[in-house]
Amino acid sequence: MIFMENKELVLAPVNPEILSEVVPGNVYYYDITTSTNQEAKLCKNVPDKSVFIAEEQTSGRGRLGRDWVSQRGYGIWMSIYLEPEISAEKISQLTIIAGISVSRAIFGSLIKWPNDVLLDGKKVSGILTEMVSDGKNSNKVIVGIGVNVNTEMFPEELSDKATSLFLHTGNFYDRTELAKNIVAEFFDLYEEFLKDGFSAIKDEYTKKCATLGREVFIISQNEEKIAKAVDISGDGELIIETDAGREIVNSGEVSVRGLLGYN
Ligand code: BTN
């Protein structure tokens with residue numbers, strides 16, 4: 001991956017033309033927007049497999065209703081728009097595909113189930129997948145990917161949980177190149193997934209999943225409990241073990257925290 005010492009170059013805008021070389025649909029580029037997920041939801045006549053990308057988001061959103069800090073020039077803030085012919089239960093697997101794509105593009109990274117990409121046990125990338133309902137029966141899915149690329153500092157409350165490629169390596173990175181690598185990996189994996197289902201990616205995911213083998217806190221609406229994360233199901237769900245036996249955990253329902261640190 002190309003890294004640079006000159007910060008002015010790093011803060012140069014993403015080049016949508018270069019990105020479009022690996023995007024089957026359109027690339028929608030924004031200097032500033034509320035949220036690329038929001039843009040992808042509102043935009044009309046978007047071709048399947050399009051990408052929305054912004055330099056800065058004013059209301060970036062994360063999982064479980066959290067905010068996602070999306071400063072100009074410091075990260076990749078993008079959303080992939082898809083119209084997959086798959087059942088609604090399989091949509092969460094697209095989130096896992098995005099996690100693997102980011103992890104393939106960031107050497108040495110691991111994945112905290114379901115899809116936070118980690119360096120040094122801290123989050124370098126997060127993914128928010130949303131479905132769009134237009135009242136008909138179509139499947140429109142938006143896979144929002146945020147990557148902390150050149151962030152030099154996080155607010156104190158995030159500093160033990162979040163990192164960036166810059167903080168990990170001491171170098172600034174070319175965001176166009178990294179976004180292009182992620183998107184290229186995503187569409188490769190997506191085609192495999194459409195053909196062969198989750199089994200096509202389960203092995204790689206299981207190998208990269210930092211959550212497995214750990215004691216975790218499972219935080220759901222109704223309860224909090226400690227369990228051991230033991231496996232990934234054939235559909236990408238987390239299998240946990242407590243004294244009561246094994247149980248399958250679905251990503252839409254819970255937040256998982258390691259007992260020792262973030263992952
Ligand atoms: C998470 O909580 O881990 C998910 C973070 C997802 C952030 C990305 S940035 C691009 C897209 N637009 C958003 O508002 N959110 C996603």
Side-chain angles (χ1 to χ4, degrees), residues 13-14 16 19 23 27-43 46 50-82 91-103 105-106 109-119 121-132 140-151 154-155 157-158 160-165 175-176 178-180 182-183 186 209-211 219 236 238 251-258 262-263:
V14 166
L19 185 58
V23 177
V27 173
Y28 299 86
Y29 170 79
Y30 302 85
D31 180 59
I32 184 165
T33 179
T34 50
S35 148
T36 53
N37 271 30
Q38 194 62 13
E39 289 289 355
K41 268 187 217 167
L42 297 177
C43 195
V46 181
S50 290
V51 172
F52 292 72
I53 189 160
E55 297 297 336
E56 179 179 352
Q57 298 185 123
T58 52
S59 318
R61 283 174 307 131
R63 283 185 66 221
L64 308 170
R66 299 185 185 116
D67 291 338
W68 181 263
V69 179
S70 322
Q71 275 179 294
R72 168 172 302 269
Y74 283 96
I76 293 170
W77 325 124
M78 70 179 171
S79 304
I80 302 177
Y81 173 89
L82 303 166
I91 301 295
S92 62
Q93 296 169 12
L94 297 174
T95 311
I96 289 185
I97 293 181
I100 300 178
S101 315
V102 175
S103 153
I106 298 181
S109 61
L110 291 172
I111 303 171
K112 171 177 174 282
W113 183 86
N115 49 48
D116 291 350
V117 180
L118 309 176
L119 282 172
K122 295 180 183 183
K123 180 158 163 172
V124 68
S125 167
I127 290 143
L128 174 66
T129 298
E130 298 182 277
M131 271 186 78
V132 185
K140 295 185 177 171
V141 182
I142 291 151
V143 182
I145 302 176
V147 187
N148 303 320
V149 183
N150 297 318
T151 322
F154 286 96
E157 64 277 14
L158 288 181
D160 60 336
K161 299 192 194 96
T163 192
S164 68
L165 274 165
R175 289 175 302 130
T176 302
L178 182 56
K180 187 178 170 185
I182 294 169
V183 170
F186 181 89
C209 184
T211 312
I219 307 159
L238 186 66
S251 61
E253 297 159 5
V254 300
S255 171
V256 175
R257 288 273 171 279
Y262 177 66
N263 63 333

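Atoms within each ligand, like the ligands themselves, are counted from 1 in listed order. Computed from heavy atoms alone, side chains included, the values below leave out hydrogens, waters and symmetry copies.
When each of I53, V46, V51 is checked for a side-chain contact (heavy atoms from CB on, under 4.5 Å) with Y28, only V46 meets the rule. Under the side-chain contact (heavy atoms from CB on, under 4.5 Å) rule, I80 has a single partner from I145, I97, I127, which is I145. Considering L110, V102, V147 as possible partners of V117, the one that fulfils the side-chain contact (heavy atoms from CB on, under 4.5 Å) test is V102.
By the criterion of a heavy-atom distance under 4.0 Å, the backbone of I145, and not its side chain, is placed next to ligand 1. Here I127 has backbone heavy atoms under 4.0 Å from ligand 1, and that is the only part of it that gets that close.
Side chain of R63 to backbone of L128: no donor-acceptor contact under 3.5 angstrom is found. T211 places no side-chain N or O within donor-acceptor distance of the main-chain N or O of C209, the cut-off being under 3.5 Å.
With contacts defined as side-chain heavy-atom distances shorter than 4.5 Å, the pair R72/I32 qualifies. Annotation: side chain of Q57 is not in contact with side chain of Q38 (no heavy-atom distance under 4.5 Å). At a threshold of 4.5 Å between non-hydrogen side-chain atoms, the residues L178 and I106 count as touching.
A donor-acceptor contact closer than 3.5 angstrom links the side chains of Y29 and E55.
For ligand 1, the polar-atom distance check finds an N/O of S35 within less than 3.5 Å of one of the ligand's N/O atoms. Here's the thing with W77: none of its N/O atoms is less than 3.5 angstrom from an N/O atom of ligand 1. Checked by distance only, ligand 1 and W68 stay at 3.5 Å or farther apart across all their nitrogen or oxygen atoms. Any N or O atom pair closer than 3.5 Å counts here, and S59 shares no such pair with ligand 1.
Atom 9 (S) of ligand 1 has Q57 NE2, 3.4 Å as its closest protein atom, hydrogens excluded (heavy atom only). Nearest to atom 2 (O) of ligand 1 among the protein's heavy atoms is R63 N, 2.7 Å.
Here CZ of F52 is found 10.0 Å from CG of N37. Values are rounded to the nearest 0.5 Å.
Using a non-hydrogen distance threshold of 4.0 Å, R66 does not register as a contact of ligand 1. Under a 4.0 Å heavy-atom criterion, G60 is in contact with ligand 1. Residue contacts with ligand 1 do not include Q38, since none of its heavy atoms lies under 4.0 Å from the ligand.
Numbered from 1 in the order shown, with element, the atoms of ligand 1 that lie under 4.0 Å from a heavy atom of R61 read 5 (C), 6 (C), 7 (C), 13 (C), 14 (O), 15 (N), 16 (C). If you number the atoms of ligand 1 from 1 as listed, the ones under 4.0 Å from a heavy atom of T36 come out as 10 (C), 11 (C), 12 (N). Close approach of ligand 1 to G62 (heavy-atom distance below 4.0 Å) involves ligand atoms 1 (C), 2 (O), 4 (C), 5 (C). Distances below 4.0 Å separate heavy atoms of D116 from the following atoms of ligand 1: 3 (O). Shown in contact with K123 at under 4.0 Å from a heavy atom are these atoms of ligand 1, numbered in order with element: 1 (C), 2 (O), 3 (O).
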